[in-house]
Amino acid sequence: MTTLTAVAAATPARPPSRPSRLLVAGLLVGPLFTAAYLVEGAFRGHGYDPLRHPVSSLALGPHGWEQIVTFVVCGLLTVLFAVGLRRSLRGGAGALVVPLLVGVWGVALVGAGVFVTDPIGGYPTAASPVTWHGRLHDVAFSLPGFLALTLVMLIAGVVFARRRSGWFAVYSVLSGLTFAAFFVFATMGFSGADPWVSVGGLWQRLCVSVGWLWLFALAAKRRATTD
């Protein structure tokens with residue numbers, strides 16, 4: 001017994017885990033994406049209306065490369081954040097599912113930039129045929145990305161409830177439900193349904209703002225936690 005006690009005393013205590021530096025990407029990506037589309041939309045002109053048209057439409061036209069770069073850079077930052085999130089979470093299926101879905105959102109952003117959307121709501125042209133890259137933008141990347149971000153907020157509610165973080169669990173669920181509702185409103189507007197058509201862009205911006213704010217809060221919480 002004395003020998004075991006001496007060995008235990010001589011063994012150095014394991015230092016507490018340090019949050020991954022990749023979590024910083026989660027603090028930067030939301031403000032960067034938001035600032036980019038706000039500036040681009042404010043100076044775009046040529047019939048672009050931020051209240052009516054989606055963020056993806058900023059990838060069209062002569063200055064479309066700016067939004068394409070924004071999509072790709074922010075998507076890669078989100079993937080890096082997902083890797084850091086995986087390293088910071090331990091135990092249970094949630095430690096794998098939450099970072100995985102965040103990573104899906106990041107990949108969706110990259111894909112949305114690479115495969116440019118088709119014109120919507122008359123910008124930049126009144127009529128345009130459906131293209132293969134526009135279809136991929138919508139079906140293969142945008143829709144799965146928005147669904148992944150909805151799911152990860154709802155699942156995170158369960159994960160953090162089990163980790164006895166009640167306030168963040170409630171915040172996650174409310175954010176997921178709000179995000180999903182705003183996404184439906186935006187989709188109705190982009191499909192031409194009244195009275196949503198004139199404010200489809202507004203609803204989409206509110207939707208992504210809810211998502212980016214939640215990701216920022218998640219990054220901040222994990223940065224402050226060393227479990």
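Quantities reported herein were computed from a predicted structural model and do not represent experimental measurements.
Considering every non-hydrogen atom in both Leu23 and Arg223, the closest pair reads CB-CD, 3.6 Å. Looking at every heavy atom in both residues, Arg52 comes nearest to Phe190 through O-CE2, 3.4 Å. The two residues Ala220 and Leu27 come nearest to each other via the heavy atoms N-CD2, 3.6 Å. Closest of all the heavy-atom pairs between Cys207 and Phe182 is CB-CB, 3.6 Å.
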With a 3.5 Å cut-off and sequence neighbours excluded, list the donor-acceptor pairs that the side chains of residues 56-77 form with protein atoms.
residue: Ser56; atom: OG; partner: His137; partner atom: NE2; Å: 3.0
residue: Thr70; atom: OG1; partner: Glu40; partner atom: OE2; Å: 3.3
residue: Thr70; atom: OG1; partner: Glu66; partner atom: O; Å: 2.9

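By the side chain to side chain contact (heavy atoms under 4.5 Å, CB included) test, Ser172 pairs with Ala156, Phe168, Trp214, sequence neighbours left out. Remark: Thr78 pairs with Val29, Val102, Trp105, Leu109, Trp212 by the side chain to side chain contact (heavy atoms under 4.5 Å, CB included) rule, at least two apart or across chains. Residues passing the ring-ring contact (aromatic ring centres under 6.0 Å, His included) test with Phe179 are Phe146, sequence neighbours excluded. Judged as a side chain to side chain contact (heavy atoms under 4.5 Å, CB included), and not counting sequence neighbours, the contacts of Leu154 are Thr150, Val173, Leu177.
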- Residue pair Leu215, Leu149: steps toward the side chain to side chain contact (heavy atoms under 4.5 Å, CB included) verdict: CA-CA 9 Å; Leu215 287 171; Leu149 197 51; 4.2 Å; yes
### Task
Step by step, work out the side chain to side chain contact (heavy atoms under 4.5 Å, CB included) result for Phe160 and Leu218.
CA-CA 11 Å; Phe160 284 98; Leu218 177 62; 3.7 Å; yes
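Distance check: Leu151 CG to Leu147 CG gives 6.5 Å after rounding to the nearest 0.5 Å. With rounding to the nearest 0.5 angstrom, the CZ atom of Phe115 is 12.5 Å from the CG atom of Asp138. The distance from the NZ atom of Lys221 to the CG atom of Leu85 is 12.0 Å, given to the nearest 0.5 Å.
Among residue pairs with one or both ends in residues 196-211, those qualifying as side-chain hydrogen bond (donor to acceptor under 3.5 Å, both in side chains) are Tyr48-Arg205; sequence neighbours excluded.
A donor-acceptor contact shorter than 3.5 Å links the side chain of Arg222 to the backbone of Ser88.
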